[in-house]
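Lettering follows sequence order; numbering is per chain, from 1. Only this structure's heavy atoms are used, side chains among them; waters, hydrogens and symmetry mates stay out.
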Number of protein chains: 2
Amino acid sequence: MWLTVTSLLRNPGAIAYPGAVADHVDRVVAQWAAERPDLDVSPMEVFGRLKRLYRVVDAALNRTFAEHGLDAASFDVLATLKRSGPPYRLTPTGLMQSAMVTSGAITQRLDRLEARGLVTRTRSDQDGRSREVALTPEGHALIERALPAHLATEVGLLEGLDDARTAALVDAMRTLLAALGDGEE
Amino acid sequence: MWLTVTSLLRNPGAIAYPGAVADHVDRVVAQWAAERPDLDVSPMEVFGRLKRLYRVVDAALNRTFAEHGLDAASFDVLATLKRSGPPYRLTPTGLMQSAMVTSGAITQRLDRLEARGLVTRTRSDQDGRSREVALTPEGHALIERALPAHLATEVGLLEGLDDARTAALVDAMRTLLAALGDGEE
DNA sequence: GAAGAATGTCTTAGCGCTGAGATACATTGG
DNA sequence: CCAATGTATCTCAGCGCTAAGACATTCTTC
């Protein structure tokens with residue numbers, strides 16, 4: 001006697017909610033079960049939903065960013081500088097690590113933000129290779145306006161999730177990220 | 001006396017794992033608490049981790065796709081055709097809805113796959129506006145090779161997550177997706 | 001059955017990102 | 001103190017995507 005991930009995951013929602021409608025991922029899994037019954041596709045229950053959730057959330061957040069003349073990339077840079085606290089200065093490398101993008105992406109993000117007068121880039125005194133990126137008053141004002149709206153959008157997205165499931169979701173993602181080595185090195 | 005989402009979410013991992021190391025999102029939340037203690041940034045516990053998890057997973061899956069001469073977009077199309085079952089034919093619109101991308105993106109994906117001889121595109125008999133996309137024998141063979149490798153990668157990614165948390169993660173994502181209207185319309 | 005609306009696909013300009021590599025500066029070891 | 005190595009940033013070609021719209025075909029309504 002042995003357990004597959006499948007047996008644990010097959011329609012867990014059906015247990016909690018007997019009348020629950022099958023979602024997109026349920027249909028995908030059912031299709032695979034018909035086409036390749038020899039394969040255990042239960043991991044798709046996790047990753048299929050992760051991908052769809054990310055896309056739905058991303059689209060919703062982008063709508064709010066656009067209302068403030070921003071996109072996710074620009075908001076990310078301004079918010080990272082803001083939350084770093086006084087004097088609201090970071091190096092491109094620091095921004096790069098926080099954003100999980102390449103150095104080239106950060107260079108271009110900063111080009112755009114600098115052209116709009118939202119950040120400044122100055123040479124570092126301590127290290128001639130490095131730059132210091134700082135929020136301008138305009139950048140400061142913009143992120144102060146956009147942040148509460150962004151949080152309101154996030155609260156709205158979580159409206160349909162009860163507190164227990166929200167906590168469980170955070171706990172699982174935290175555990176998984178730790179297991180995958182995120183946040184340590 | 002009232003509860004904020006914050007009080008429910010603040011370091012839930014610390015309860016389950018007293019010695020748990022703070023992750024990237026914990027640091028972000030702590031920074032906001034110092035800079036803007038008036039704001040409840042607890043929703044970021046969810047969305048910050050969703051974003052990072054998506055990126056880490058995406059990178060890992062792409063590595064496996066690349067080993068088979070594929071990327072996520074191409075794999076997605078081939079897998080969607082494969083799991084649709086005999087005769088392994090779908091319209092671009094069907095592929096578009098499954099992939100959550102625009103029609104232009106599907107056109108370009110199909111251009112690339114057609115050029116590599118992995119799919120064919122023919123006029124539909126029933127509807128002159130529509131096309132029928134079908135797997136070629138080469139496309140069939142490629143997805144048959146890539147799919148088990150892909151599943152193995154997914155199983156590996158879930159290694160660090162115990163069964164209870166895996167089930168809770170799926171349940172929460174399913175609930176949230178349903179609340180956000182995914183999979184119904 | 002013709003006009004207008006709707007649908008399915010393709011086209012194209014523009015965007016942000018990656019990967020590879022260039023450049024400038026800093027650090028280390030002999 | 002110099003050479004070799006490492007680090008921080010920028011450059012740029014190429015990629016896949018979106019948004020807007022073109023075009024052909026089908027459906028709807030009168």
Nucleotide N/O of nucleotides 26-28 of chain D paired with protein N/O under 3.5 Å:
from: dT26(D); atom 1: OP1; to: Gly128(B); atom 2: N; distance (Å): 2.8
from: dT26(D); atom 1: O4'; to: Arg129(B); atom 2: NE; distance (Å): 3.4

Contact string for nucleotides 15-21 of chain C, one letter per nucleotide 5' to 3', B = base within protein heavy-atom range under 4.0 Å, S = sugar-phosphate only, - = neither, reads -SBB---
Do side-chain atoms of Ser74(A) reach the backbone of Leu70(A) as a donor and acceptor pair under 3.5 angstrom?
-> no
Does a side chain donor of either Thr64(A) or Thr153(A) reach within less than 3.5 Å of an acceptor in the other side chain?
-> yes
Can you tell me the distance, in whole Å, between the CZ atom of Arg131(B) and the C1' atom of dT11(C)?
-> 14 Å
Residues Glu45(B), Arg49(B): salt bridge by 4.0 Å N-O rule = yes
Taking atom P of dA8(D) as reference, at what distance in whole Å does atom CZ of Arg89(A) sit?
-> 19 Å
Side-chain H-bond candidate by donor/acceptor type, His68(B) with Arg145(B), under 3.5 Å = no
Rounded to whole angstroms, how far apart are CG on Leu110(B) and C1' on dC17(D)?
-> 14 Å
Can you check the Asn62(B) CG to dC17(D) P distance for me, whole Å?
-> 11 Å
According to the interplanar angle, ranging from 0 to 90°, do the rings of His140(B) and Tyr88(B) count as parallel (below 30°), tilted (30 to 60°) or perpendicular (above 60°)?
-> perpendicular
Reckon Ser124(B) touches a base, only the sugar-phosphate, or nothing at all at heavy-atom distances under 4.0 Å?
-> nothing
Electrostatic pair Glu138(A)-Arg116(A), nearest N-O below 4.0 angstrom | no
For dT25(D), does OP1 or OP2 lie under 4.0 Å from any side-chain N or O of Ser130(B)?
-> no
Donor-acceptor contact below 3.5 Å, side chain Ser98(A) vs main chain Gly94(A) | no
dC10(C) C1' sits how many Å from Met96(B) CE, rounded?
-> 13 Å
Go through the structure and list residues passing salt bridge (charged side-chain N to carboxylate O under 4.0 Å, His left out) with Arg129(B), not counting sequence neighbours.
-> Asp127(B)
5' priority, DNA chain D, between Arg123(B) and Thr107(A) [closest heavy atom] | Thr107(A)
Write down the distance between CD (Glu114(B)) and P (dT9(C)), rounded to a whole number of angstrom.
-> 13 Å
Return yes if some donor-acceptor pair links the side-chain N/O of Thr91(A) with the main-chain N/O of Glu132(A) below 3.5 Å, else return no.
-> no
